[in-house]
Participant: 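Pasting in a structure now, in structure tokens, and then I'll have a few things to ask.
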Number of protein chains: 2
Amino acid sequence: MIAIRRTPPWPVLTLLAFVLPSAPRAQEPFEIPRELRDNAARLAERALDSGLALEIAASLTTEIGPRLAGSEQEARAREWGVRTLEALGFADPRVQTFEIDYWTRGELDAEITAPFPQDLVATALGGSAASPPEGLEAEIVFFDSYDDLAAAATATATATATTSATATARDGVVAGRIVYVNDRMVRAQTGAGYGPANRKRQRGWIHAERLGAAALVIRSVGTSNDRFAHTGMMSLPAELERPRIAALAVSNPDADQIERMAAAGGAVRMRLRSTAGFRGRRESGNVIAELPGADLAEQIVLIGAHLDSWDQGTGAVDDAAGVAVVTAAAKLIAELPEPPRRTIRIVYFGAEEVGLRGALHYAEANAEDVPRHVIATESDFGAGRVWRFASGVSRDVDAAMDAVARELMAYGVVPGGRDVRSGGPDITPLADAGVPTVRFEQSGEDYFDLHHTPNDTLDKIDPAALAQNVAVWAAGIYLLANLDVEYRFSEAP
Amino acid sequence: MIAIRRTPPWPVLTLLAFVLPSAPRAQEPFEIPRELRDNAARLAERALDSGLALEIAASLTTEIGPRLAGSEQEARAREWGVRTLEALGFADPRVQTFEIDYWTRGELDAEITAPFPQDLVATALGGSAASPPEGLEAEIVFFDSYDDLAAAATATATATATTSATATARDGVVAGRIVYVNDRMVRAQTGAGYGPANRKRQRGWIHAERLGAAALVIRSVGTSNDRFAHTGMMSLPAELERPRIAALAVSNPDADQIERMAAAGGAVRMRLRSTAGFRGRRESGNVIAELPGADLAEQIVLIGAHLDSWDQGTGAVDDAAGVAVVTAAAKLIAELPEPPRRTIRIVYFGAEEVGLRGALHYAEANAEDVPRHVIATESDFGAGRVWRFASGVSRDVDAAMDAVARELMAYGVVPGGRDVRSGGPDITPLADAGVPTVRFEQSGEDYFDLHHTPNDTLDKIDPAALAQNVAVWAAGIYLLANLDVEYRFSEAP
């Protein structure tokens with residue numbers, strides 16, 4: 001929890017004796033000046049009439065298309081970013097480069113060889129190793145859940161036990177076989193199902209290797225039953241060697257198919273050949289530009305999105321939509337007669353998908369400036385409507401955040417919590433360094449139908465929902481950049 | 001039009017002088033005997049409670065999976081068919097073999113090389129040729145519609161005209177380039193959009209070759225904007241040589257992408273490599289079995305579906321669903337205490353997708369028996385609910401068909417027309433030979449989202465809708481097999 005509360009001054013402490021110790025002090029209602037409210041409403045109105053965000057999303061996904069971290073396409077996307085921000089009149093568009101380990105999926109063939117031979121729709125997981133060049137064929141060992149797999153690996157590690165306790169391993173043998181893990185993701189507006197379902201993708205390989213498995217196969221993380229396999233990065237803890245086994249996801253219909261075969265009780269055998277792997281160091285980078293502020297110009301309101309995407313689709317909802325929303329919102333603010341009081345900084349983060357590399361680099365390279373960041377937030381949850389506004393700023397400005405939330409209610413946004421820990425994936429390193437954050441939370445009920453699949457293409461963006469995002473961001477960021485309050489926590493965490 | 005009407009006997013002709021010449025004679029209301037009605041209702045009730053059809057569809061799509069006409073998998077599907085019909089107790093399950101020209105898609109790579117390089121999701125069209133082994137790269141020439149392409153080809157053929165009249169060919173040159181055709185399919189419950197949109201797939205290659213094109217690329221036929229490419233057979237008229245060019249479909253999102261690139265006005269270049277082609281002669285076959293009739297056993301009520309599928313999906317809605325529906329319906333009828341009066345013949349047609357090869361062979365090989373077919377119908381439009389009952393039988397039994405339609409209304413089926421020309425694709429050769437037909441018409445609003453794509457998998461079948469199909473088929477076929485009427489036309493067409 002990064003929301004460190006100010007130590008209240010003495011007279012307030014007296015008051016606090018009469019309330020619960022954890023409750024913030026009572027605050028006077030905060031009045032947003034009429035001019036700011038009018039401007040916010042005007043911005044939202046213009047946003048709902050503007051096609052700029054859709055144009056930006058179309059431009060990025062069409063002219064660049066897929067933009068894997070470290071790839072030539074990601075480099076072209078940075079040029080696109082500088083060009084776009086320059087054309088829109090933002091100050092000092094620039095690239096902040098850094099190096100990453102470059103992983104590519106190469107080629108993958110996967111098929112069931114017994115009992116009923118047929119091809120599978122599958123994709124390699126980010127960070128996975130290649131199979132032997134000629135491929136491998138082995139029996140599948142089924143684990144109903146990540147927890148089952150983790151338990152089997154722990155049992156083996158702690159007591160040289162066989163895995164005979166695992167009902168799914170027919171004869172208790174995992175070594176040399178293909179581990180299959182089945183957790184299904186729960187669909188939810190908040191995306192709450194992603195974390196639990198994602199554990200098999202992130203850490204399944206660690207347990208599979210511990211058990212001596214030849215490869216890891218998972219049911220796709222993702223909620224769609226369309227026949228797309230869902231990719232994404234594996235966790236690569238610093239204390240471990242890189243994965244030595246191939247790891248892949250099969251589409252949900254293919255997972256169903258494998259399970260129907262297994263239900264008969266006989267052995268299910270699979271052949272796979274993957275050429276995935278790391279290919280040395282490559283350049284990535286963040287693209288940064290500003291809308292300079294007026295009297296509080298040294299304070300930065302950071303609005304971000306990520307520029308890289310997975311290579312299977314064209315990265316439309318993840319995250320061209322975010323790039324489009326923050327850029328269009330800032331552009332609308334820039335078109336007002338007066339600049340905002342605080343500086344609005346746009347950051348297109350690089351290499352998000354492969355482990356927040358751009359965000360980590362940003363926080364490190366700008367360490368001296370981190371205290372000047374008074375608000376940081378990111379748009380990285382698709383193109384669904386914003387339905388809630390939540391914050392993680394000093395509790396001394398609760399009343400001001402209430403007032404901002406009230407202004408956003410006109411666009412279908414409800415007031416949310418005060419306990420935001422991060423304003424988005426790429427904001428986490430800044431939040432960890434004590435930067436206040438807010439979130440414009442989007443409806444993500446169908447986000448994981450598209451996310452990280454070949455189906456993440458421009459046509460999936462609903463123009464009306466995208467425009468609503470820009471309206472909420474333009475109004476919200478404008479107010480945050482102009483209010484006469486101190487968002488920062490009184491001491492670093 | 002195959003619905004040849006009987007010449008009415010003399011007294012009726014007198015009556016007819018007072019009505020429109022094409023109207024059928026007025027008929028007494030037809031009363032279905034109470035016992036038949038009760039049995040039909042009982043069958044429907046059991047069908048709605050039965051999971052048999054879903055089991056059959058699961059078995060075929062899981063144990064065989066994709067079953068391309070002429071492939072080893074199609075041969076295994078025939079064994080599956082005989083085994084299944086035998087296990088269900090049908091009489092004399094047998095295979096009627098024939099030979100076909102075997103086409104496979106091989107491998108396909110397709111990418112845009114300019115102005116914005118990126119991979120495409122594409123698939124070869126059935127019957128298309130391979131590209132040069134090293135692939136080919138060329139500029140795309142855009143045609144908004146099949147009609148535009150056909151007009152350009154006709155202009156060239158008739159007047160050695162250039163195609164400069166075609167606005168979409170930037171400089172009038174098609175030769176050596178890649179023809180792209182864009183018609184979009186209209187979504188409709190009846191599937192009415194398929195025919196018009198399909199012309200580019202069926203006959204586009206003929207015009208493209210006439211214009212000297214290097215290859216043909218079409219926007220996928222099919223209504224989904226999921227990122228799947230839609231395959232299907234090209235027309236191969238007997239009077240023409242086989243295609244010499246590669247022909248492929250790109251997914252709808254990829255087609256949108258290509259068109260956005262083209263909208264900028266510059267050249268769009270594409271590289272493609274396809275190894276599709278015919279690979280000699282291979283065996284296919286129909287699987288046939290009967291539920292023998294009682295006193296009218298020599299009369300055949302044929303209920304069919306097709307066993308082969310395209311190779312991209314597992315052929316669940318096209319047409320494991322049909323196989324499941326007709327088989328489960330006949331099984332329920334077989335479980336009644338008394339056999340039906342007429343013989344119910346189940347036919348799983350082979351090689352439907354590649355040009356109704358099994359249906360043509362069936363009509364030819366059973367030519368002597370064709371007059372014994374008094375009703376023929378097929379389930380081959382997915383797994384959506386039956387919403388209408390229509391017929392193409394002797395107009396002398398209009399009243400009886402009204403009575404059947406009334407019985408089916410309880411299951412949400414409305415009475416349809418009298419002008420059915422064929423009871424399904426595989427019924428066409430029989431209908432052309434004068435066999436009466438009926439149709440249990442299904443809602444097909446989303447059928448072409450799945451049809452001929454990798455996304456045609458078991459999970460797309462709604463068990464409740466499948467059960468409703470079985471209910472309607474069991475009740476309807478039972479009545480048709482037992483009514484005391486003559487469906488046949490009085491003379492051959």
Side-chain angles (χ1 to χ4, degrees), chain A residues 55 57-68 71-73 76-77 80 107 109 111-112 114-121 224-229 251-264 268 309 311-316 449-450 453-461, chain B residues 55 57-68 71-73 76-77 80 107 109 111-112 114-121 224-229 251-264 268 309 311-316 449-450 453-461:
Chain A
E55 277 173 41
S59 174
L60 177 55
T61 58
T62 306
E63 295 171 31
I64 312 299
R67 41 202 184 277
L68 183 68
S71 68
E72 191 187 320
Q73 290 91 331
R76 289 202 288 120
W80 172 94
E107 290 169 7
D109 303 308
E111 60 184 313
I112 296 295
F116 308 123
Q118 51 199 276
D119 289 343
L120 295 168
V121 171
S224 171
N225 74 336
D226 287 323
R227 205 167 174 209
F228 299 112
S251 84
N252 276 315
D254 289 81
D256 295 344
Q257 185 81 315
I258 290 172
E259 287 172 32
R260 277 191 296 273
M261 293 183 192
V268 179
S309 78
D311 50 334
Q312 298 204 106
T314 62
D449 288 348
L450 305 167
T453 75
N455 208 21
D456 180 5
T457 51
L458 182 67
D459 52 294
K460 308 308 183 305
I461 294 178
Chain B
E55 277 172 41
S59 173
L60 177 55
T61 57
T62 306
E63 295 171 30
I64 312 299
R67 41 202 186 277
L68 183 68
S71 69
E72 192 187 321
Q73 291 91 332
R76 289 202 289 120
W80 172 94
E107 290 169 9
D109 302 307
E111 60 183 313
I112 296 295
F116 308 123
Q118 52 199 277
D119 289 342
L120 296 168
V121 171
S224 170
N225 73 337
D226 286 324
R227 205 168 174 208
F228 299 113
S251 84
N252 276 315
D254 289 82
D256 295 345
Q257 186 81 316
I258 290 172
E259 287 171 30
R260 277 191 296 273
M261 292 183 192
V268 179
S309 78
D311 50 334
Q312 298 204 105
T314 62
D449 287 349
L450 304 168
T453 74
N455 208 20
D456 181 5
T457 51
L458 182 68
D459 53 293
K460 309 307 183 307
I461 293 179

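Quick note on labels: first sequence line is chain A, next is B, and so on, each numbered from 1.
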Participant: Ignoring hydrogens, what is the shortest heavy-atom contact between Thr314(B) and Gln118(A)? Give both atom names and the distance.
Facilitator: CG2-OE1, 4.0 Å
Participant: Could you look at Asp256(A) and say if it's the side chain, the backbone, both or neither that has a heavy atom under 4.5 Å from chain B?
Facilitator: side chain
Participant: Tell me, for Gln312(B) versus chain A, whether the close heavy atoms (under 4.5 Å) come from the side chain, the backbone, both or neither.
Facilitator: backbone
Participant: Go through the atoms of Pro117(B) and report whether side chain, backbone, both or neither lie under 4.5 Å from a heavy atom of chain A.
Facilitator: both
Participant: Using non-hydrogen atoms and a 4.5 Å limit, figure out which bit of Ile64(B) sits close to chain A: side chain, backbone, both or neither.
Facilitator: backbone
Participant: Enter the distance from Ser224(A):OG to Asn455(B):CG here, rounded to the nearest 0.5 Å.
Facilitator: 7.0 Å
Participant: Can you tell me how far the OG1 atom of Thr457(A) sits from the CG atom of Asp254(B), to the nearest 0.5 Å?
Facilitator: 7.5 Å
Participant: Is it the side chain or the backbone of Asn225(B) that comes within 4.5 Å of chain A heavy atoms, both, or neither?
Facilitator: both
Participant: Gln257(A) side chain to Thr61(B) main-chain N or O, any donor-acceptor pair under 3.5 Å?
Facilitator: yes
Participant: Of all of Leu450(A), Asp226(A), Ile112(A), Asn252(A), which one pairs up most often with chain B through heavy atoms under 4.5 Å apart?
Facilitator: Asp226(A)
Participant: Please give me the minimum heavy-atom distance between Arg227(B) and Gly313(A), naming the atom from each residue.
Facilitator: NH1-CA, 3.6 Å
Participant: In Å, rounded to the nearest 0.5 Å, how long is the span from CG of Asp311(B) to CG of Asp119(A)?
Facilitator: 9.0 Å
Participant: Looking at Thr453(B), Ile258(B), Asp459(B), which one has more heavy-atom pairs under 4.5 Å with chain A than the rest?
Facilitator: Asp459(B)
